[in-house]
*Asks:* 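Provided herewith is a single structure, encoded as structure tokens, for subsequent inquiry.
Letters go in sequence order (proteins before strands), and every chain restarts at 1.
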Amino acid sequence: MISRPYDEIKQLIESYLEKEFSMKSDLIWSKPPSIELGDISFPLFNIAKELKIKPIELGEKIISEISFPKIIEKVNLQGGFLNLAFNRSIFVTQVLQTILEQTKYGQNSSLNSERIIVEHTSSNPTGPLHIGNFRGSVLGDVLGRLFSFLGAAVNVRYYVNDLGRQIAPLVIGYFLLKETKFEIEEKGDLWLGKVYASMYTFLEIQQLKKKLIVLGWKLQSSASLYSLDDSDLKTIPDFLNILPVENKEKDNTHKWFSKLARIQSSLIERIPDVYEKLNKLTSSRIENLESMTNQYVKNYQEGKDKSIVEKFREVTKMALDGHVETLNLFEIYHDDFDWESDVAWSGEVQTMLTELEDKKYLRHDGKARLLRNDTIAEELGYKTKYSINYEIPDTIIINSEGITLYPCRDIVYHLHKLEKFNASLCYNVIAKMQQLPQLSVRLALYGLNRIDTADKVHHFDYEYVSLIGRKMAGREFDYVTPDELFVLAQKEIKIIIEERDYSEEEQQKIIKKVAASSIKYHILKMDPQKSVAFDVKKAVDPNENSGSFLQYSYARALSILNRSSKHGINIQKILESTEKEKLIIEKQAEWELVKLMEELPSILVKAAKFLRPDSVANFSYSLASAFHKFYDACPVLKAENPKLVKSRVMIVLSITKCLESLFEVMGIETLEKM
RNA sequence: GGUCCCGUAGCUCAGCUGGAUAGAGCGUUUGCCUCCUAAGCAAAUGGUCGGGUGUUCGAAUCACCUCGGGAUCGCCA
């Protein structure tokens, strides 16, 4: 039998209100400010107002007319608050029994009827995962785990963006180096990040120089198109100064130039080997990187040139393998990987575009096409439904070269993925930056008369992660990766564990698991809506408010259980006997702990309802903290009398079950020893 | 300029479907391992909840205004 004292009391009062006043209510309970007042509190003001009586009168009526069950020990009225105190013995007996009866405490079937897609990470295959997109991985992972824990069928997908324009220079650079039999001595995706940063910079420098030439600047015959040499660094600013064009234009060009000069020198400093080698190769072997890039993208989008397809796939695969390796370190797994190129080659993008065109939902501007977001939203009731009363800007979906852009494929992809899984809901865990494109996808689905599908799609957005004092920039090879955090965290943990007596093998296992949980937890606990300045030192510090604190509480609990037999205590026997015998609570620390354990199921339901995976982390922290306090204040195996031993062993057994559930939801591994 | 998000202790952040005296961690100061793992516990320190007005019996929480920070607004994703 599942018994939840907090809910029971709430329902008891609610049903009284319904019977007595035919009033349907969803009562809110809170915790009294001080423990002397009780354990649970109901403010009566609102109900009293609705019934047009005084709160105190209502309270008195409730107290005199409801016959409270034995679990309620004390009832008192305090200025409009109905405060109830539990009989601790009955409460703890009931709650712990419930916890221990369930296979997984807190698991329920509230989402049984849902089929939910969670798409997350979907990072560009142009480098390693960094903590910015990794934030989405963690949030998405926990969201999926949470839904699944609450009974939903969950499908976790990764959308591989292998078609973006930005990959082409990477592919070109990759094969330039490959032909030279360049040795790769690091993780593939990290190495690709270096190639990408270099090639992209060459491309941009070429574009800058091209623009300058149009303005009348003279390129020296010996100079490279792809780098800014000493003479460029001098002549370009001089040239811009005397240029007879508008100030704004001049300014922008100047800014662009300075930015590229900065990036170039920072890349030379940070990744000299890859950068310089590629610079030479590109200068000597590639006549026009820009046109080659366009050619590559176009070819790959069409998917007909087999050698190009193979090249793009090889590079993308290498990056993706790196991402998966990183994710797996943190217990993050995907069910399916969908390649953007497959969507493009299916031919459905054209069908989709034609339909939108026929319905006049596309605006023309030369060869470019824009999705008329506002018109669609207005005509098809999106604005009314979601009470939007401002103008939604159009989004460009085909550029003036006639190349289809990312949203085109994403629209088709959405039709596919929801259909394939027969989903009732779909959460795209994607950075807040993508708000407008995400909205466009839904609006396009409206335009295609797939309103039911569109309404199932939700953008679970999360804010930007920066580094203290600077932004992360893939194009500048400037970011912090979860991989390097993992290494740093392990070092810190090693310092602590070396003081303990573990074998080398055990040490390694513990270090890895603690490092993973600490980093994951550190990212998870932050409100997704808050942009954060990431502090590497704090993220890897085991003494900070972190995952190791949680794992430690579990290890401590297990340590007690494992030692019980040495103290002549038989856990199995205790478990069997409790049904008849009441448990007791003596100290405040144990009482607080048991009350928190009672709350676990409702915390999970709330986290899923309000889409707050971070709240699971924060609750876990409170629970672990309460257990550490209990651990310190209440000896278990050496408790004063057998009755107390029994009760406390039950508490310890229960906390392990609570933590196991929470760890499962957060994708954190349990450790028996640490 | 439009839209979205954020502003709580020296720092990093919880709390926000309105509830009583605003909570952690770090930092600083001080205790606790002959006692189940000190990756822990206890105590001290620290706050005009950015500001204003309103709604309400009651506002960190809701509405409006305002200030500060960030993101985004046709050819990158």
*Asks:* Using Watson-Crick or G-U wobble pairs with both distances under 3.5 Å, give me RNA chain B in dot-bracket, 5' to 3', with [ ] for crossers and | for pairs to another strand.
*Replies:* (((((((..((((.....[...))))((((((.......))))))....(((((..]....))))))))))))....
*Asks:* Let me know, please, whether A/Ser625 or A/Leu44 comes out on the 5' side of the other along RNA chain B by nearest nucleotide.
*Replies:*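 The residue whose closest nucleotide sits nearer the 5' end is A/Leu44.
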*Asks:* Taking protein heavy atoms under 4.0 Å as touching, what does nucleotides 59-71 of chain B look like 5' to 3' if B marks base contact, S marks sugar-phosphate-only contact and - marks none?
*Replies:* -----------BS
*Asks:* Taking atom types as modelled, find out whether A/Ser625 and A/Lys629 have a side-chain donor-acceptor pair closer than 3.5 angstrom.
*Replies:* yes
*Asks:* Would you call B/rC33 syn or anti, using the 90° rule around 0?
*Replies:*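 Judged by the O4'-C1' to base torsion, B/rC33 sits in syn, the angle falling within 90° of 0.
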*Asks:* Taking 4.0 angstrom as the limit, do A/Glu498 and A/Lys494 come out as a salt bridge?
*Replies:* yes
*Asks:* Taking salt bridge (Lys or Arg N to Asp or Glu O under 4.0 Å) as the definition, give me every residue that meets it alongside A/Glu592, ordered by chain and number, with sequence neighbours left out.
*Replies:* none
*Asks:* Within the modelled atom types, does a donor on one side and an acceptor on the other bring the side chain of A/Asn46 and the base of B/rC57 under 3.5 Å apart?
*Replies:*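 Answer yes: a donor N or O sits under 3.5 Å from an acceptor.
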*Asks:* Applying salt bridge (Lys or Arg N to Asp or Glu O under 4.0 Å), name anything that partners A/Glu204, two or more places apart in sequence or on another chain.
*Replies:* none
*Asks:* Indicate syn or anti for B/rG74, taking the glycosidic torsion and treating anything within 90° of 0 as syn.
*Replies:*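 Nucleotide B/rG74 adopts syn.
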*Asks:* Is it the case that the base of B/rA20 and the side chain of A/Asn83 share a donor-acceptor contact (distance under 3.5 Å, atom types as modelled)?
*Replies:*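 By the distance-only test, yes, there is a pair.
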*Asks:* With rounding to the closest Å, how many angstrom separate the P atoms on B/rA59 and B/rG2?
*Replies:*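 These two P atoms come out 31 Å apart once rounded.
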*Asks:* What integer number of Å spans the C1' atoms of B/rG18 and B/rC35?
*Replies:*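 The answer is 47 Å between these two C1' atoms.
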*Asks:* Under a 4.0 Å threshold between the charged nitrogen and the carboxylate oxygen, would A/Asp614 count as salt-bridged to A/Arg612?
*Replies:*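 Looking at A/Arg612 and A/Asp614, the cut-off is met.
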*Asks:* Could you tell me whether the side chain of A/Ser41 has a donor or acceptor atom within less than 3.5 Å of a complementary atom in the base of B/rA20?
*Replies:*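 Result: at least one qualifying N/O pair found.
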*Asks:* Are A/Tyr631 and B/rG40 stacked, counting the six-membered base ring, centres under 5.5 Å, planes under 30°?
*Replies:*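 Whether judged by distance or by angle, A/Tyr631 falls short somewhere, so it does not stack on the base of B/rG40.
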*Asks:* Sub-3.5 Å donor-acceptor pair from the side chain of A/Thr670 to the main-chain atoms of A/Gln551, do we have one?
*Replies:*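 It does not hold such a pair.
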*Asks:* Reckon A/Arg648 touches a base, only the sugar-phosphate, or nothing at all at heavy-atom distances under 4.0 Å?
*Replies:*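 Nothing, no heavy atom under 4.0 Å.
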*Asks:* Between A/Phe42 and A/Asn399, which residue's closest nucleotide on RNA chain B lies nearer the 5′ terminus?
*Replies:* A/Phe42
*Asks:* For B/rC75, does OP1 or OP2 lie under 4.0 Å from any side-chain N or O of A/Arg165?
*Replies:*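 No, because none of the side-chain N or O atoms of A/Arg165 sits under 4.0 Å from OP1 or OP2 of B/rC75.
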*Asks:* I'd like to know if A/Arg363 reaches the base of B/rG74 with its side chain such that a donor and an acceptor end up less than 3.5 angstrom apart.
*Replies:* yes
*Asks:* Within the 3.5 Å criterion, strictly below it, is a donor on A/His414 or A/Asn428 matched to an acceptor on the partner's side chain?
*Replies:*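 Yes.
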*Asks:* With sequence neighbours excluded, tell me which residues meet ring-ring contact (aromatic ring centres under 6.0 Å, His included) with A/Phe460.
*Replies:*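 Scan of A/Phe460 (ring-ring contact (aromatic ring centres under 6.0 Å, His included), adjacent residues dropped) gives none.
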*Asks:* Who passes salt bridge (Lys or Arg N to Asp or Glu O under 4.0 Å) against A/Lys211, sequence neighbours left out?
*Replies:*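 Salt bridge (Lys or Arg N to Asp or Glu O under 4.0 Å) check on A/Lys211 returns A/Glu249.
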*Asks:* Using the six-membered base ring of B/rC57, report whether A/Phe45 stacks on it, requiring centroids under 5.5 Å and planes under 30° apart.
*Replies:*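 Stacked: centres under 5.5 Å apart, planes under 30°.
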*Asks:* Answer with base, sugar-phosphate or nothing: what part of the nucleic acid does A/Ile397 contact at a heavy-atom distance below 4.0 Å?
*Replies:*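 A/Ile397: no heavy atom of the nucleic acid under 4.0 Å.
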